[in-house]
Asker: 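I'd like to ask some things about the structure below.
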2 protein chains.
Amino acid sequence: MIMTVEFPDEIFMKAALDEAQKARDKGEVPVGAVVVCNDSIIARAHNLTETLNDCTAHAEMQAITAASTYLGGKYLDKCSLYVTLEPCTMCAGALFWSRVDKLVYGADDEKRGYTLNKNRILHRKTKVVKNVMEKECHLIIKDFFKMKRKDLSD
Amino acid sequence: MIMTVEFPDEIFMKAALDEAQKARDKGEVPVGAVVVCNDSIIARAHNLTETLNDCTAHAEMQAITAASTYLGGKYLDKCSLYVTLEPCTMCAGALFWSRVDKLVYGADDEKRGYTLNKNRILHRKTKVVKNVMEKECHLIIKDFFKMKRKDLSD
């Protein structure tokens, strides 16, 4: 008997959190993402907007580009993207074009999350799982801005 | 007496159209963009989604990245971006983060244009000028898809 065991989303979200920590260690807003295909991580990325002086260098954008390069094709319709923070409109727009099969995110982004839009931004075939490891994903962002505010007031 | 002469938008849209032609010559959907700062073009880009196998490689995304690299800063609040086709949601989301001063576009995109969204996607400070050289910008796209359909039916 062949058994297919599906990996729980937490395993891959943990890898995305590892990426978020790399961003934090560089002084970047701590957001991390991974792309998974056939239960393997094929791309890892973290926010690099400050390091690269590029407002488009969000974790998701880089993860999409890296996964496409790995696969040699621009569609991620057999992949899942895991990201610690709810994607913004730009990243959700990119995920639309990528036709990603599944989007899994951790914390909600109450200011800039794509779900604030009235229109559907993602592709109609994209499944969404939200609030996986929500507490940890929220905490890393919250602590980062708390530290930033402390630095400013010192 | 010092006279300040503002360049007409058509001059820079013509440069964006030149970029669109480069895309067409590579078999890409012909969209081109330039970023202008102090009346000088600081970045030129065209759609490369097929060449790079990357759905994020729209002309605007690359123009934003190139302009930010040139300026050494992630904000384009003293720049104008000229693009031959109305930006999609992803690109408008990127323009939001860039805080671009002015967006000028040629043809409307009735299927994927960001203005189809009910919410405002661009930054509240971004000025928009639309339908500059609309006829030429529309024609290059129309001819491209006409040729593609012909290729498929041959």
Side-chain angles (χ1 to χ4, degrees), chain A residues 28-29 31 33 35 43 45 47-77 79 81 86-100 109 111-123 126, chain B residues 28-29 31 33 35 43 45 47-77 79 81 86-100 109 111-123 126:
Chain A
E28 299 275 359
V29 175
V31 182
V35 176
N47 178 35
L48 283 175
T49 48
E50 301 300 326
T51 309
L52 299 179
N53 268 331
D54 184 353
C55 68
T56 74
H58 285 193
E60 302 94 311
M61 302 300 286
Q62 296 180 82
I64 291 169
T65 298
S68 302
T69 302
Y70 177 87
L71 294 171
K74 64 179 177 158
Y75 295 125
L76 305 180
D77 52 342
C79 302
L81 184 136
E86 180 186 347
C88 70
T89 300
M90 168 182 73
C91 292
L95 287 166
F96 165 80
W97 290 116
S98 81
R99 303 185 188 174
V100 72
D109 185 345
K111 274 193 176 170
R112 299 281 166 228
Y114 77 97
T115 56
L116 293 170
N117 288 288
K118 288 185 187 125
N119 297 59
R120 183 177 175 88
I121 309 259
L122 296 176
H123 195 278
T126 298
Chain B
E28 300 274 358
V29 176
V31 183
V35 176
N47 177 35
L48 283 174
T49 47
E50 300 300 326
T51 308
L52 300 179
N53 268 331
D54 183 354
C55 68
T56 74
H58 285 194
E60 301 94 312
M61 302 301 286
Q62 296 181 82
I64 292 169
T65 298
S68 303
T69 302
Y70 176 88
L71 294 171
K74 64 180 177 156
Y75 295 125
L76 306 180
D77 52 344
C79 303
L81 184 135
E86 180 186 347
C88 70
T89 300
M90 168 181 73
C91 293
L95 287 167
F96 165 81
W97 290 117
S98 81
R99 303 186 188 175
V100 74
D109 185 345
K111 274 192 176 170
R112 298 282 167 228
Y114 76 97
T115 56
L116 294 169
N117 288 287
K118 287 185 187 126
N119 298 58
R120 183 177 175 88
I121 308 260
L122 296 177
H123 195 278
T126 299

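To find a chain, count down the sequence lines: A is the first, B the second, and so on, and within it residues start at 1. This one's a predicted model, so the numbers in the text were calculated from it and none came from an experiment.
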Asker: For Thr65(A), what residues pass the side chain to side chain contact (heavy atoms under 4.5 Å, CB included) criterion, not counting sequence neighbours?
Answerer: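 Residues passing side chain to side chain contact (heavy atoms under 4.5 Å, CB included) with Thr65(A): Thr69(A), Asp54(B), Thr56(B).
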Asker: Rounded to the nearest 0.5 Å, what separates atom CG in Leu122(A) from atom OG1 in Thr89(B)?
Answerer: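 Answer for the CG-OG1 pair, Leu122(A) versus Thr89(B), is 10.5 Å.
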Asker: I need the residue from Gly72(A), Cys91(A), Ala92(A) with the largest number of non-hydrogen atom pairs under 4.5 Å to chain B.
Answerer: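 Looking at each of Gly72(A), Cys91(A), Ala92(A) in turn, Gly72(A) comes out on top.
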Asker: Taking all heavy atoms of Cys55(B) and all of Lys74(A), pick out the closest pair and write down the distance.
Answerer: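 Smallest interatomic distance, heavy atoms only, reads N-CB, 3.9 Å.
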Asker: Among Ala57(B), Gly73(B), Ser68(B), which has the most heavy-atom pairs under 4.5 Å with chain A?
Answerer: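 Top option by heavy-atom pairs under 4.5 Å: Gly73(B).
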Asker: Tell me, please, which residues at least two apart from Ala59(A) pass side chain to side chain contact (heavy atoms under 4.5 Å, CB included).
Answerer: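 Ala59(A) satisfies side chain to side chain contact (heavy atoms under 4.5 Å, CB included) with Val31(A), Ala33(A) once adjacent residues are dropped.
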Asker: Hey, which residues of residues 112-121 of chain B are touching chain A, say heavy atoms under 4.5 Å apart?
Answerer: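 Checking residues 112-121 of chain B against chain A gives Arg112(B), Leu116(B), Asn117(B), Lys118(B), Asn119(B), Ile121(B).
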Asker: Which residues pass the side chain to side chain contact (heavy atoms under 4.5 Å, CB included) test with Ala45(A), not counting sequence neighbours?
Answerer: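 Only Gln62(A), Ala63(A) meet the side chain to side chain contact (heavy atoms under 4.5 Å, CB included) criterion with Ala45(A).
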Asker: I want to check something: taking the side chain as every heavy atom from C-beta on, are Cys88(B) and Phe96(A) in contact at a cut-off of under 4.5 Å?
Answerer: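 With C-beta onward as the side chain, the pair stays apart.
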